[in-house]
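Below, chains carry the letters A, B, ... as their sequence lines are ordered, and counting in each starts from 1. Since we're looking at a predicted model, the values are computed, not measured.
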Amino acid sequence: MSLGKSITNSYISDIFAEMAVLLELAHENPFRVRAYQKAALAIEGLSENIASMPVEKILKIPGIGKGIASHLEEIAGKGAFSEFEKLKKRFPKGLLDIVNVQGIGAKRARALYDKLGIDSMEKLMKKAMAGEIRNLDGFGEKIEQNIILGVKEASERKTDRILYWNARLIAEEILREIRSSGFGNPVYAGSLRRGKETIGDIDILCNGRPDGVLAEKLSKLSCVERTLSTGPTKVSVILKKGVQVDIRIIPEESFGAALCYFTGSKEHNVLLREIALKKGFTLNEYGLFRISDKKQKKPIASGTEEEIYRALGLQFIPPELREARGELELAAKKTIPELVSASDVKGDIHNHTNLTDGKSSFEEMLEKAVSMGWEWIFIGDHTLSLGVAHGLDYARYAETKKTLEKASAKFPRIKTGRSIEMDILKTGDLDFSHEELEKTDLVIGAVHSSLRMKEEEMTRRILKAMTSPCLDVMAHLSGRMIGKREPSNINYDMIFEEALRHDIAFEINGQPDRQDLTDVYARKAKETGLKIILSTDSHSAQQLEYMNMAVVVARRAGLTGKDVLNSLSYEEFREWISERRKTAG
DNA sequence: GCCGTTTTCGGCCCGACTGTTTTCAGTCG
């Protein structure tokens, strides 16, 4: 059974996504292709490991039927399924890269392979430079030029997606530039508005008439490197920073319909349109129309998203939930929760100062915390075992706690505590003795070393750490770093169940490359009945702003203000710590 | 390949833009 354990949802999801591409290359029925894409997305969004789910339960997942279920069984047994293996042999690996080049899809990739034997990015570049592609049927000089640019961009880009936080900063910069050029009301949409972990390209909507004038001006913004396409309603550009941005020009009267349409997700939109059809409407980016209104003259709703959802008999769905994960059913029953927002947050618990590996002093941290509008902050540092971070032993913890108290006196508007990020050793032991732990304000347990242990071993290590009554919060549980480090193998079910017995809270870490717990597991934690706490893991005062990152993850998980301990007052939070320590032992 | 309160067969969301073509296929979101 060792094979079954390593078969994660993301592993399976990747197989089905690749299968979809291979089927497209094979000129298969497009709806079959779509079915595999849908299955890949559905599996990616599950918190429970699908490989160990009973088949009756698997068949209840929307988008998964008998066909995919039987493939799943095969994957669970041997890591792949036969039709997939067969197709993989039929097409060289390099073709999959070629499909991802801007302007090339499966059809063109297949044609290039059949007619010129192009099976790698290198060959593609060579043939394009030699001018051999332009002579093929359906190709031309322009496509050839775009291929050369596309291959260059693909090779320069290190990863094809950027972190949410970075995308948000870039988007805000463009919005400023568009605004200062005098164009009305630009907003971002797409996966950025939905708060996805990583962002492929940035979608921006802008108020204006589709007369071509605005589009022309937008393609000349100073941050633009090259223009991919320009039409009266849409401009696609690549920024100097390497990110693709699609800007749409939308008349005010259909702004809501467009915002909804371009926010997505695609799957959410498909379901939304199906609901519209059942009610005798049709929905597109211009509005919601009666089907009988053939020329789409008079929209039922179009100006705002709220109007559109209302006209469909649905509660408004916040963008972060629009992933076709059951939100439409909730909206129909009007049970979409009021999601947590930055204004619910009264403080942070997990951060670092210049006493260990942070950059800022207590005073700088406190000043920033006040400017965030918080009522309290627990300021933390690493413990000793984390040699690289000059961690604290108990004596230094106690000493610096006094220093913090002195610093706090200068900031009467904010209440403070001294937290400590307790290293969970390889054995599952903690870095301080029990007597020392009892004298700390707040203990945040975290794994920092030997992250690649086997699942059983790593799970046992964390379970053991949790038996300490003073371990209050579990930080960045999976240890993953997006794009750099895979999550550790752990058994979430066992860890969550044990944590529930000890009333241990789980952190959503707001570092843009951590976002850990993920939205999927934060949702599961809530369903298990666990408490959740948002943190910044700041290594400078400025980074306290990452609280906004953690809020986005929490919103995607469907959490309310009440679900996060950050919404407690200082006294209530202190009370929670002492109560849980009393009962946990 | 999935799905079903008009259905177990025959549908499957919809439009913009480009570049190739003389009316449309491919790509993208």
Kindly give the atom pairs (protein nitrogen or oxygen, nucleotide nitrogen or oxygen) under 3.5 Å for nucleotides 24-28 of chain B.
{"from": "B:dT27", "atom 1": "OP1", "to": "A:Gly105", "atom 2": "N", "distance (Å)": "2.7"}
{"from": "B:dT27", "atom 1": "OP1", "to": "A:Gly105", "atom 2": "O", "distance (Å)": "3.2"}
{"from": "B:dT27", "atom 1": "OP1", "to": "A:Arg108", "atom 2": "N", "distance (Å)": "2.8"}
{"from": "B:dT27", "atom 1": "OP2", "to": "A:Lys107", "atom 2": "N", "distance (Å)": "3.3"}
{"from": "B:dT27", "atom 1": "O5'", "to": "A:Gly105", "atom 2": "N", "distance (Å)": "3.4"}
{"from": "B:dC28", "atom 1": "OP1", "to": "A:Gly103", "atom 2": "N", "distance (Å)": "2.9"}

Taking only side-chain nitrogens and oxygens of A:Asn146, does any of them come within less than 4.0 Å of OP1 or OP2 of B:dT18?
no

Provide, to the nearest angstrom, the distance between the CG atom belonging to A:Leu41 and the C1' atom belonging to B:dG29.
13 Å

CD1 of A:Ile64 versus P of B:dC2: gap in Å, rounded?
8 Å

Aromatic contact between A:Tyr521 and A:Tyr492, with the criterion being ring centroids under 6.0 Å apart: yes or no?
yes

Quick note, A:Asn284 side chain, CB onward, closest among B:dG1, B:dG15, B:dG29 is B:dG15

Kindly list each side-chain donor-acceptor pair under 3.5 angstrom involving residues 133-141 of chain A, sequence neighbours excluded, with atom names and distances?
{"from": "A:Arg134", "atom 1": "NE", "to": "A:Glu144", "atom 2": "OE1", "distance (Å)": "2.8"}
{"from": "A:Arg134", "atom 1": "NH2", "to": "A:Glu144", "atom 2": "OE1", "distance (Å)": "2.9"}

Checking A:Asp516 side chain against A:Ser478 main chain: does a donor-acceptor pair fall under 3.5 Å?
yes

If only atom types and distance count, is the side chain of A:Arg194 paired as donor or acceptor with the main-chain N or O of A:Leu321 below 3.5 Å?
no

When rounded to the nearest Å, what value does the distance between C1' atoms of B:dT18 and B:dT23 take?
15 Å

A:Thr227 side chain to A:Ser229 main-chain N or O, any donor-acceptor pair under 3.5 Å?
no

P spacing across the pair B:dG10 / B:dA16, given as an integer number of angstrom:
32 Å

Rounded to whole angstrom units, what separation is found between the CZ atom of A:Phe262 and the C1' atom of B:dC14?
10 Å

With a cut-off of 3.5 Å and sequence neighbours excluded, list every side-chain donor-acceptor pair involving residues 183-193 of chain A.
{"from": "A:Arg193", "atom 1": "NH1", "to": "A:Thr263", "atom 2": "OG1", "distance (Å)": "2.7"}
{"from": "A:Arg193", "atom 1": "NH1", "to": "A:Glu305", "atom 2": "OE2", "distance (Å)": "3.0"}
{"from": "A:Arg193", "atom 1": "NH2", "to": "A:Glu305", "atom 2": "OE1", "distance (Å)": "2.9"}

Taking the C1' atom in each of B:dT5 and B:dG1, what is the distance between them to the nearest angstrom?
24 Å

Suppose you measure atom C1' in B:dT20 against the same atom in B:dT27; what distance do you get, rounded to whole Å?
13 Å

On DNA chain B, more 5' by nearest nucleotide between A:Thr233 and A:Pro62 is A:Pro62

Taking atom C1' of B:dC2 as reference, at what distance in whole Å does atom NE2 of A:His71 sit?
12 Å

Select base, sugar-phosphate, or nothing to describe what A:Lys66 touches, counting heavy atoms under 4.0 Å on all strands.
sugar-phosphate

Any strand, both distances under 3.5 Å, Watson-Crick or G-U wobble: B:dG15 pairs with B:dC28

How would you label the contact of A:Lys266 with the nucleic acid (heavy atoms, under 4.0 Å): base, sugar-phosphate, or nothing?
base

Salt-bridged, A:Lys196 to A:Asp519, with N to O below 4.0 Å?
no

Nucleotide of B:dC14, B:dG1, B:dA16 approaching A:Tyr286 most closely (side-chain heavy atoms):
B:dA16

Given B:dG29, B:dT20, B:dG1, identify the nucleotide with an atom nearest to the side chain of A:Phe31.
B:dG1

NA contact type, A:Ser236, heavy-atom cut-off 4.0 Å: base, sugar-phosphate, or nothing?
nothing

Please work out if A:Asn29 contacts a base, only the sugar-phosphate, or nothing of the nucleic acid, heavy-atom cut-off 4.0 Å.
base

Just confirming the chi classification of B:dT22, syn or anti, using 90° around 0 as the syn window.
anti

Quick one: do A:Lys93 and A:Glu18 make a salt bridge, cutoff under 4.0 Å?
no

Rounding to an integer number of Å, can you tell me how far A:Arg134 CZ sits from B:dG19 P?
14 Å

Name all residues meeting the ring pair (Phe, Tyr, Trp, His ring centres under 6.0 Å) criterion together with A:Phe316; count only those two or more places apart in sequence or in a different chain, and write none if there are none.
A:Tyr309

If I pick the P atom on B:dC2 and the same atom on B:dT6, what distance separates them, to the nearest angstrom?
24 Å

Let me know the distance between CD of A:Gln145 and C1' of B:dG19, rounded to the nearest Å.
13 Å

Just the table, please: protein N/O against nucleotides 4-6 of chain B N/O, every pair under 3.5 Å.
none

Quick one: which of A:Arg480, A:Glu197, A:Arg485, A:Met481 gives a side-chain contact (heavy atoms from CB on, under 4.5 Å) with A:Asp513?
A:Met481

Taking everything shown except A:Glu83 itself, do over 12 heavy atoms lie less than 6.0 Å from its CD?
yes

is_close_aromatic(A:Phe16, A:Tyr11), centroid dist under 6.0 Å
no

Rounding to an integer number of Å, can you tell me how far A:Glu267 CD sits from B:dC3 P?
14 Å

Out of B:dA16, B:dT20, B:dC17, minimum distance to the side chain of A:Pro232 belongs to B:dC17

Say whether, by atom type as modelled, one donor and one acceptor occur between the side chain of A:Gln515 and the main chain of A:Ala550 under 3.5 angstrom.
no

When you check the gap from the basic side-chain N to the acidic O, do A:Arg168 and A:Glu173 get nearer than 4.0 Å?
no

Tell me: CD1 of A:Ile147 to P of B:dT18, nearest whole Å?
17 Å

Within residues 86-93 of chain A: residues closer than 4.0 Å to DNA chain B (heavy atoms):
none

